[in-house]
Amino acid sequence: MTTTATTTRATTSTFGVMIRTGVIAAVAASVATTAVAAAGHAAGVSLDVGGAPIPVAGFGVLTAAFSLIGVVIAALLLRFARHPRRAFVRTTVVLTVLSLVPDVIADAGAATKVLLMLTHLVAAAIVIPAVARRLAA
């Protein structure tokens, strides 16, 4: 009798699973950042930056766009990096920190700046771990 042992690692995945997970995470992050922006606006936080209002739906659209860029980065790292998870987490954490810089220097009130930064952190907290779990260590 011959048996074949098949082992899989829960921490790694195929390209397709990683992409699907990333898209789902991007949608979840978009919904979450839209909800955070709507809640902040309902609480009286201005969404005006430089005298122009940011539409609440704009938070979701931009979150989706930049989250999908993160998924592309993950796909490239999955293909080319020796340690894709580590490279993805390091890269996206740095990019998240850099994404806060425009919020800090924006022509907006303090509460608006905090709300903008919060939306970046919420999106990162959803997308980065979800995608990282699908990459090989």
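In what follows, residues are counted from 1 in the order of the sequence shown. Quick note: numbers below take in every heavy atom, side chains included, and nothing from hydrogens, waters or symmetry partners.
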Verify the cluster assignment for Val23 and Val61: are they in a single hydrophobic cluster under the rule of side-chain heavy atoms below 4.5 Å apart? no
Any non-hydrogen side-chain atom of Leu95 less than 4.5 Å from a side-chain atom of Ile73? yes
Residue pair Met18 / Ala74: nearest heavy atoms and the distance that separates them: SD-CB, 3.7 Å
Can you get from Val56 to Ile126 by hopping between Ile, Leu, Val, Met, Phe, Trp and Tyr side chains that sit under 4.5 Å apart? yes
Closest heavy-atom contact between Phe88 and Ala132? CE2-N, 4.0 Å
Of the non-hydrogen atoms in Ala25 and Ala130, which two are nearest, and what is the gap between them? CB-CB, 3.8 Å
Ignoring hydrogens and angles, tell me if any N or O in the side chain of Ser99 forms a donor-acceptor pair with the backbone of Thr96 under 3.5 Å. yes
Nearest 0.5 angstrom please: His120 NE2 to Leu98 CG, how far? 11.5 Å
Hydrophobic cluster identity match, Val27 and Ile69, side-chain contacts under 4.5 Å: no
Closest heavy-atom pair and its distance - Ala29, Val127: CB-CG2, 3.7 Å
So, do Thr119 and Asp103 sit near enough that their side-chain heavy atoms are less than 4.5 Å apart? no
Strictly distance-based, threshold 3.5 Å: is any side-chain N or O of Thr33 a donor or acceptor partner for the main-chain N or O of Ala123? no
Do Phe59 and Leu100 sit in the same hydrophobic cluster, where Ile, Leu, Val, Met, Phe, Trp and Tyr count as joined when their side-chain heavy atoms come under 4.5 Å apart? no
For the side-chain contact (heavy atoms from CB on, under 4.5 Å) test, which of Ile128, Leu77, Val131 pairs with Thr92? Ile128
Rounded distance (nearest 0.5 Å) linking atom CD1 of Ile54 with atom OG1 of Thr112: 8.0 Å
Taking it one step at a time, do Val17 and Arg20 satisfy side-chain contact (heavy atoms from CB on, under 4.5 Å)? CA-CA 5 Å; Val17 172; Arg20 185 174 34 252; 3.5 Å; yes
May I ask you to decide if Gly60's main-chain N or O and Thr34's side chain share a donor-acceptor pair within less than 3.5 Å? yes
In terms of hydrophobic clusters joined by side-chain contacts under 4.5 Å, are Val36 and Val49 together? yes
Any donor-acceptor pair under 3.5 Å from Lys113 side chain to Val104 backbone: yes
